[in-house]
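All remarks here apply to the structure that follows.
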Amino acid sequence: MRPRVPRPGDLPSRLHDVRVAARVGRWLGVCFALAFVTGLLSHYAQAAHQPIPLPTRPVWGYQVTQALHVLSGTAAVPLLLVKLWTVYPRLFQRPPRELRAVVLTVLERGSIALLVGAALFEVTTGLVNVTQWYPWQFSFRRAHYAVAWVAAGALLVHVAVKLPVIRDALARDLDETAPQEADRPAAPVDRRGLLRLTWLAAGTAAVASAGGTLPGLDRLAVLSARRAGGPQGVPVNRTARAAGVVAEATDPGWVCELRHRDRVIRLGRDELLSLPQRTVDLPIACVEGWSAVGTWSGVRLWDLLRLVEATGGADVAFHSLQRRRGGRFSVLPAPFASDPLTLVALGLNGAPLSLDHGFPARLIAPNRPGVTQTKWLARIEVLG
Amino acid sequence: MRAALVVVGTAAIGYGGWLLLSTQSLAQGGAVLVWAGGAVVAHDLLLVPVVLALGWLVRRYGRDPVARTAVAVLVLLGPVTLAAIPVFVGLGADPAMPTLLGRDYGLGWGVLAIGIVGAGAALAASRILSGGARGRSTRGTDPRRR
């Protein structure tokens, strides 16, 4: 037998069916939409300038939206694989001969190729990134963000092109066998069974790989890149050694500089400890989908800003001792700077801040991305 | 409605492409294409053919309920295992950060696999995976709902 290019009819299983594809696709769309919106939110929260500042409440807002980001992205893996498997025979459909039809087919197939490539790129790079493994030369953050727009756009085009087919497929009974498919072989599971397995697989993947993002599910998250705990009960995402700040952060002469226009004050750790101390319970949450609630103690940021005669309404920049890589600098929007829960933290869970958690002093604010909770503070500057 | 979706979708694709070109060097943009294209090739030419071959083997040699169990295990365990490849590889591990990649993933996968085989066998023995149309409510064309 001579090898030849397969035809759709070579894969006759009744599970390769548009009704299955449409039903899986609907939930895949929901997962992608959730991941897209929560991803946009995270990028906006990290922006150095927010034209419309995000709210400071709920304090767990970022924690929950980023858990949703990772959970929906992980749940999308089985949905995407099953969806692509059900429509796989269409890959071998022969192109039409008429010119106009050829053009339309090329456009449609092109948008699908874009969608599949972007979707696989997003889930693959996302899953690799949470393990802090970067086997590529592009910037994960920027590429994941840009390709998310491509995926979202290609998904909209795909839905628009397929809308009549989707409507028809969703309206048709799953169990019904059309006369022309009576000779197609039955699979060990029926279409309804495959859908049930798919929902279960999505739940399994979300819990096993990303369940650590939710309290109580950590023990079930046997394949999660993260686990609860860590020094002082809170995970560390970058150590002082990796940030290259050990010598400066442990220098007894360390001071934190506060600056507002020409007003400059320098405070050592003992001086900060002599100011009125506050204690707040706030989560620290990473875009990579881990979070932990800590009891933080330290000086209210607003009390410090008043020492340099800040009047509110201005954003505040935080510079770390860290010289390179993410987290060395952040801008806190004005509403967060004057929030009573925002601290320059000196202690965590009843003990002095450990070196890896940002000793001598770090920022902690409600509803903010972990990467912007600047550690190893060197300078705080009121902007404007 | 459909035309509006196409316009908005095309604009989003264009914006994403512009972001890629404007925030990444040409070499980095090329690497993005290699990863996206590589993922499509690996999926279409490697993963799906393997899954189809497994499906063919199950149909050819499997008898119910073993065949049904095999399909259930494939769907339930396959994707979560693929998604866990980065943690199995574990190249991001850092002894100074015990909460990153700090689990016994071989053991975890083993426990999960045993649980899934058990659940798959239980599902296969029930009518949940292959009940046909018998006595089920249906949607759309079902005259009882019209």
Side-chain angles (χ1 to χ4, degrees), chain A residues 11 74 77-78 81 84-85 88 91 113-114 116-118 120-121 124 127-128 131-133 136-139 142-143 145-147 149-150 152-154 156-157 159-160 163 171-173 175-176 188-190 193 196-198 200-201 204-205 208-209 222-223 225-227 229-230 235-236 239 241, chain B residues 2 5-6 8-10 12-13 15-17 19-20 23-24 27-28 31-32 35-37 39-40 43-44 48 51-52 58 62 64 67-68 71-72 75-76 79-80 83-84 86-87 91-92 96-103 105 108-109 111-112 128-130 132-133 136 138-142:
Chain A
L11 300 167
T74 311
V77 173
L81 294 177
L84 292 177
W85 181 87
Y88 188 71
L91 192 62
L114 213 52
V116 175
L120 290 172
F121 180 87
T124 308
L127 288 165
V128 172
T131 68
Q132 295 204 359
W133 173 34
W136 45 63
Q137 58 182 129
F138 47 82
S139 149
R142 291 179 180 147
Y145 181 66
V147 177
W149 281 96
V150 175
L156 288 184
V157 172
V159 169
L163 202 54
R172 275 170 59 205
D173 178 15
D175 299 319
E176 171 199 42
V189 305
D190 61 18
R196 286 175 176 154
L197 282 175
T198 306
L200 207 54
T204 304
S209 284
V222 291
L223 298 177
R226 294 283 180 166
R227 64 172 175 80
V236 167
T239 60
R241 180 181 298 273
Chain B
R2 292 174 69 194
L5 281 177
V6 170
V8 174
T10 308
I13 294 171
Y15 179 60
L19 277 176
L20 260 188
T23 65
Q24 301 283 277
Q28 288 176 315
V32 169
W35 272 75
V40 173
H43 174 270
D44 284 4
V48 180
V51 172
L52 288 169
V58 166
D64 283 338
R68 263 206 298 277
V71 172
V75 176
L76 293 176
V80 74
V87 303
L91 283 179
M97 293 200 286
T99 58
L100 173 67
L101 297 167
R103 298 174 194 257
Y105 294 109
W109 186 86
V111 170
L112 184 69
I128 291 170
L129 301 182
S130 169
R136 286 244 171 71
T138 53
R139 305 179 74 179
T141 53
D142 183 354

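Each chain gets a letter, A, B and so on, in the order its sequence line appears, and its residues count up from 1.
- Between chain B and the options A:Ala201, A:Gly193, A:Ser139, A:Pro188, the largest number of non-hydrogen pairs under 4.5 Å is found for A:Pro188.
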message: Between B:Thr10 and A:Leu156, does the side chain to side chain contact (heavy atoms under 4.5 Å, CB included) criterion hold? Intermediate values first, please.
response: CA-CA 8 Å; B:Thr10 308; A:Leu156 288 184; over 6 Å; no
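- A:Trp85 is listed as a side-chain neighbour of B:Leu52, based on a closest heavy-atom distance under 4.5 Å.
- Of the listed residues B:Gly62, B:Ala84, B:Pro79, the one with more heavy-atom pairs under 4.5 angstrom with chain A than any other is B:Pro79.
- The distance from atom CZ of A:Phe138 to atom CG of B:Leu20, rounded to the nearest 0.5 Å, is 9.5 Å.
- With a 4.5 angstrom heavy-atom cutoff, B:Val87 touches chain A via backbone and side-chain atoms both.
- Between chain B and the residues A:Leu114, A:Val150, A:Val77, the largest count of heavy-atom pairs under 4.5 Å involves A:Val150.
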field: Working for side chain to side chain contact (heavy atoms under 4.5 Å, CB included), residues B:His43 and A:Leu81
entry: CA-CA 9 Å; B:His43 174 270; A:Leu81 294 177; 3.8 Å; yes
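- Shown here for A:Ala160 and B:Leu5, the closest heavy-atom pair between the two residues is CB-CB, 3.5 Å.
- Taken to the nearest 0.5 Å, the CG atom of A:Asp190 stands 11.5 Å off from the CD1 atom of B:Ile128.
- Contact between A:Gly117 and B:Ala36 at its shortest, heavy atoms only, is O-CB, 3.7 Å.
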query: So B:Trp35 and A:Phe121, ring-ring contact (aromatic ring centres under 6.0 Å, His included) or not? Walk me through it.
result: CA-CA 7 Å; B:Trp35 272 75; A:Phe121 180 87; 7.3 Å; no
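- For B:Pro86 against A:Val128, the heavy-atom pair with the smallest separation is CG-CG2, 3.8 Å.
- Of the residues considered (A:Thr74, A:Leu91, A:Leu223), A:Leu223 shows the highest number of contacts with chain B, using heavy-atom pairs under 4.5 Å.
- Both the backbone and the side chain of B:Leu76 come within less than 4.5 Å of a heavy atom in chain A.
- Within 6.0 Å of CZ in A:Arg241 there are 12 or fewer heavy atoms belonging to other residues, nucleotides or ligands.
- Taking chain A as the reference chain and counting heavy-atom pairs below 4.5 Å, the highest number among B:Ala96, B:Ala39, B:Gly17, B:Ala31 is found for B:Ala31.
- Top candidate by heavy-atom pairs under 4.5 Å with chain B, chosen from A:Ala118, A:Gly230, A:Ala225, is A:Ala225.
- When B:Val8, B:Val40, B:Asp44, B:Leu112 are compared by the number of non-hydrogen pairs under 4.5 Å with chain A, B:Asp44 comes out ahead.
- The candidate with the highest count of non-hydrogen atom pairs below 4.5 Å against chain A, out of B:Val6, B:Val58, B:Asp64, B:Val75, is B:Val75.
- Across A:Gln132, A:Gln137, A:Arg227, A:Arg142, the residue that shares the most heavy-atom pairs under 4.5 angstrom with chain B is A:Arg227.
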- prompt: Does the side chain to side chain contact (heavy atoms under 4.5 Å, CB included) test come out yes or no for A:Val236 and B:Thr99, once each step is laid out?
  reply: CA-CA 7 Å; A:Val236 167; B:Thr99 58; 5.7 Å; no
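- No side-chain heavy atom of B:Arg103 sits less than 4.5 Å from a side-chain heavy atom of A:Arg226.
- Of the residues considered (A:Leu84, A:Val159, A:Thr198), A:Leu84 shows the highest number of contacts with chain B, using heavy-atom pairs under 4.5 Å.
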field: side chain to side chain contact (heavy atoms under 4.5 Å, CB included) between B:Tyr105 and A:Val222, worked out
entry: CA-CA 7 Å; B:Tyr105 294 109; A:Val222 291; over 6 Å; no
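- Of the inter-residue distances, the one linking B:Leu100 atom CG with A:Trp133 atom CH2 reads 13.0 Å to the nearest 0.5 angstrom.
- Both the backbone and the side chain of A:Thr131 come within contact range of chain B, judged by heavy atoms closer than 4.5 Å.
- Here B:Leu19 contributes atom CG and A:Trp149 contributes atom CH2; the two are 8.0 Å apart, rounded to the nearest 0.5 Å.
- With a 4.5 angstrom heavy-atom cutoff, A:Ala154 touches chain B via backbone and side-chain atoms both.
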